[in-house]
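Below is one structure, written out as structure tokens, with a few remarks after it.
The chains referred to below are lettered A, B, ... by the order of the sequence lines, with proteins before strands, and numbering in each begins at 1. Not measured: the values here are computed from a predicted model.
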Amino acid sequence: MIKITLPDNSVREFPKGSSGLDIAKTISNRLANDVLSVSVNGEVWDLTRPIEADAAVKLYTWDDREGKETFWHSSAHLMAEAIEFFYPGTRFGIGPTVDTGFYYDVDLPSGYQLVEKDLEKIEKKMLELAREKHDIVRSQVSKAEALKLFTEKGDELKLELIGELEDGTISLYNQGGFTDLCRGPHLPNTSYVKAVKLTNIAGAYWRGNEKNKMLTRVYGVTFPKQKMLEEYLVMIEEAKKRDHRKLGKEMELFTFSEAVGQGLPLWLPKGAQLRAQLEDFLRRVQKKYGYDQVITPHIGDVQLYKTSGHYEKYGKDSFQVIKTPAEGEEYMLKPMNCPHHCEIYKSKPRSYKDLPVRMAEFGTVYRYEQSGELHGLTRVRGFTQDDAHLFCRPDQLKEEFKKVIDIIFIIFKALEFNDYNAQISLRDPDKPEKYIGTAENWEKAERAIIEACQEKGLKTVTELGEAAFYGPKLDFMIKDALGRSWQLGTIQVDYNLPERFQLEYIGADDKRHRPVMIHRAPFGSMERFVAVLIEHTAGKFPLWLTPDQVVVLPISEKYNDYARTVSNILNFSDIRSVVDDRNEKIGRKIRDNELKRIPYLLIVGEKEAESATVSVRRQGEGDKGAMTAQEFAALVKEEVKMQLTGLYN
RNA sequence: GCCAGAGUAGCUCAGGGGUAGAGCGCUUCCUUGGUAAGGAAGAGGUCACGAGUUCAAUUCUCGUCUCCGGCUCCA
């Protein structure tokens, strides 16, 4: 007998060689039906794999990430089997799970190509294979055996993978006629898969390297119940409705023009209003935190970027240098604001008493992003950073860093971004050539970030090799409507630029010292932030932020003048209002303006004109009764005040 | 930049070798209304751009541009 410890710390005895499934059966039939995989001493195993010694065991179902992963991983194999059925000789790369589903990278026999309409037949075949209820069987093999098997299959991709594995750690999984190299774990058999949707086909470089062959990546998702697939598809449709590119057009916030150029957004009046509102908000927050606004030009002498190191790193992939009529004179569109801010720092001698110096600028920068990478407002070639650079003494670094985290918290709170990830990006220790600066400075900078996050109690994940080339950073990532992650706020510690620009301050000891620099952009960029904000709110911006706060709807054209009077009163009190004076019935005006997501609708007709009032209707809520324009203005101002209370006042 | 798909009216889309259609929007007229779509008439298109095939191309072929889904990249 072996002792099995369950998550509630209860210990039960089972015969040696019992499996996770055996354990589940003793708990309940329901659990035995639902369980998908099992963790044995922290390692996720197949449900049917015998447990030979005492162990801590946890059973995973669809509700656990581990359970879903097992399910989707087996689904990837099922898809591979179906693809092999239609295209014998296909070579298989890797087939991992992703956030929603799985993919498999495949290399079809020459002459074959997968197109969208092939997916349907593969889906059908997958369901057919699933219904046949093939057991999924694990076997442990030697490296030589594995190499032999895949040499016979002619699958060079798998051979390359096996070549890198250690002998004795190699396992295969077989189901029906299909065998794949795989660490597992997997479902007991294929019949668990009840619903299949192959979502799209894309190209992907073998092993993520653009020098390698392009494989065909097939994405899919599967479910244990047909109903779950239906719900998932509805969810995707709903998400598409929130897409900022769609809503941006619909709400007339921004547009693009081929004549202007790729990735160069044009902000329409309402979008510009929204942006101005966001900038104003951030300016106030930053003022409270002791920042000074500066303004710098959109271009700079090439030498400036040679000093900063950006020219060497990105020069050939940037918008190219701007020549002037003068011989040898060269400028660049600025790809970032830091070099300009360093020059402002240098414009006069600084004392230790002056530090920290906090310089903020809504700085527009231009980066020649790869054409295939451009995406709505989230990835563009000309954008405005809510940038600031803090120059501080080494002893002030951590405190300053923590204050920047506070600012980001304020912003996320104001806009109700509760679901974000914080990521610490460090250098890749194996690739020192990718970075500038001394190991010692990197060490100091990385430690400062890690400690500041700990002291703020911020839950973070750490990624090696994701740092900027001049320093480590802390990024805040938010997901868009379709679950794609975008980096918003970023904070970076930099010991390198101060050195390159020879920045100094005079210390209490009357000697010259080098300040430390913090780069930070809580929004990331105005463009990306607005994009994520649109998807987050589905276009229903909070009252304080939304471009049109109020629309006045005259009942008939006879009351247009009164409506304009009301609107003027509101605009005079700093409330953004418009009048819908179209020759339409009131029902129509209400409908159209509700759909435009304007928070307050004021209906004015004979009654209101006579009593000098407005009938208030709140978007999505309906009639709120009558009051004077002044009373309504006070109500709006109070609501705005409530929304912003404690954020910067 | 790479792989795959797409581009028809301001928007959403249908059509298809004989130079185009719907709904919404827009303009004008009728209507002057009370809390989610009143009625009528009208304007608006080099069918992304450039070549080729053809008696004839918006339709077929090739190229270019842009957009979409991924990959790579992201100071």
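- An OP1 or OP2 oxygen of B:A75 is reached within less than 4.0 angstrom by a side-chain nitrogen or oxygen of A:K473.
- Comparing B:A41 with B:G23, their P atoms sit 11 Å apart, to the nearest whole Å.
- Residue A:Q487 places none of its side-chain N or O atoms closer than 4.0 Å to OP1 or OP2 of B:C74.
- You'll find the ring centres of A:Y470 and A:Y435 outside the 6.0 Å limit.
- To the nearest whole angstrom, the two P atoms, one in B:A56 and one in B:G18, are 14 Å apart.
- As rounded to the nearest Å, B:U59 and B:U46 have P atoms that lie 15 Å from one another.
- In this structure, A:Q113 reaches the B:A4 phosphate: one of its side-chain N or O atoms is under 4.0 Å from OP1 or OP2.
- Listed nucleotides: B:A75, B:G70, B:G1. Nearest to the side chain of A:E210: B:G1.
- In this structure, CE of A:M251 is placed 18 Å from C1' of B:U12, rounded to the nearest angstrom.
- At least one side-chain nitrogen or oxygen of A:Y314 sits closer than 4.0 Å to the OP1 or OP2 atom of B:A75.
- Contact annotation: A:R367 side-chain N/O to B:C74 OP1/OP2 distance is not under 4.0 Å.
- You'll find that the side chain of A:N583 is closest to B:C30, out of B:C26, B:G34, B:C30.
- Side-chain atoms of A:E557 come within donor-acceptor range of the base of B:U32, with a qualifying N/O pair under 3.5 Å.
- Judged by atom type and distance alone, A:R379 reaches the base of B:C73 through a side-chain donor-acceptor pair under 3.5 Å.
- For A:H375 and B:G69, the shortest distance from a side-chain N or O to OP1 or OP2 is below 4.0 Å.
- The base of B:G1 sits with one of its N or O atoms less than 3.5 Å from a complementary donor or acceptor on the side chain of A:Y205.
- Here A:E258 lies in heavy-atom contact (under 4.0 Å) with sugar-phosphate atoms only.
- Residues A:N441 and A:N496 bring no donor and acceptor atom of their side chains to less than 3.5 Å of each other.
- Using a 4.0 Å heavy-atom cutoff across all strands shown, A:Y219 reaches sugar-phosphate atoms only and no base atom.
- Looking at A:S615 and A:E608, their side chains do bring a donor and an acceptor atom within 3.5 Å of each other.
- Atom OH in A:Y600 sits roughly 21 Å away from atom P in B:U35 (whole-Å rounding).
- Atom-to-atom, CG of A:D243 to P of B:C68 comes out at 9 Å; the value is rounded to the nearest Å.
- Each of A:D107, A:D105, A:D155 was compared with A:R91 under the salt bridge (Lys or Arg N to Asp or Glu O under 4.0 Å) criterion, and only A:D107 meets it.
- The phosphate of B:G69 (OP1 or OP2) has a side-chain N or O of A:R245 nearer than 4.0 angstrom.
- There is no side-chain donor-acceptor pair under 3.5 Å between A:T613 and A:T628.
- As rounded to whole Å, 13 Å separates atom P of B:A75 from atom CD1 of A:I436.
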Go through the steps to decide whether A:H341 and A:F391 satisfy the test ring-ring contact (aromatic ring centres under 6.0 Å, His included), and finish with yes or no.
CA-CA 10 Å; A:H341 291 184; A:F391 301 88; 7.8 Å; no

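- Residue order along RNA chain B, read from the 5' end via each residue's closest nucleotide, puts A:R381 first among A:S615 and A:R381.
- Between the P atoms of B:G10 and B:A51, the separation comes to 24 Å (whole Å).
- When each of B:G70, B:A36, B:A75 is scored by its nearest atom to the side-chain atoms of A:R617, the top-ranked nucleotide is B:A36.
- Taking atom C1' in both B:A48 and B:C65, the straight-line distance is 8 Å, to the nearest Å.
- With B:G69, B:U32, B:A36 as the candidates, the nucleotide lying closest to the side chain of A:N200 is B:G69.
- Here A:I555 lies in heavy-atom contact (under 4.0 Å) with a base.
- The side chain of A:R588 approaches B:G38 more closely than any other nucleotide in the set B:G38, B:C65, B:G70.
- Cation-pi geometry between A:R618 and A:Y600 is met: under 6.0 angstrom from the ring centre, within 45 degrees of the axis.
- Of the candidate nucleotides B:C74, B:U32, B:A36, B:A36 has the atom nearest to the side chain of A:R591.
- Looking only at atom types and distance, the side chain of A:H389 has no donor-acceptor partner in the side chain of A:N337 under 3.5 Å away.
- Checked by distance alone, A:E606 brings no side-chain donor or acceptor within 3.5 Å of a matching partner on the base of B:G33.
- Spacing between atom CE of A:M336 and atom C1' of B:A75 amounts to 4 Å, rounded to whole angstrom units.
- A:F469 does not qualify as a stacking partner of the B:A75 base, lacking a centre-to-centre distance under 5.5 Å together with planes within 30°.
- Atom C1' of nucleotide B:U12 and atom NZ of A:K240 are separated by 15 Å, given to the nearest angstrom.
- One P atom belongs to B:C60, the other to B:A37, and the distance between them is 42 Å to the nearest Å.
- At least one side-chain nitrogen or oxygen of A:K249 sits closer than 4.0 Å to the OP1 or OP2 atom of B:U12.
- Using atom C1' as the reference point in both B:C13 and B:G45, the two lie 15 Å apart (nearest Å).
- B:G21 and B:U64: their P atoms are spaced 34 Å apart (whole Å).
- For A:R217 against B:A4, no side-chain N or O and base N or O form a donor-acceptor pair under 3.5 Å.
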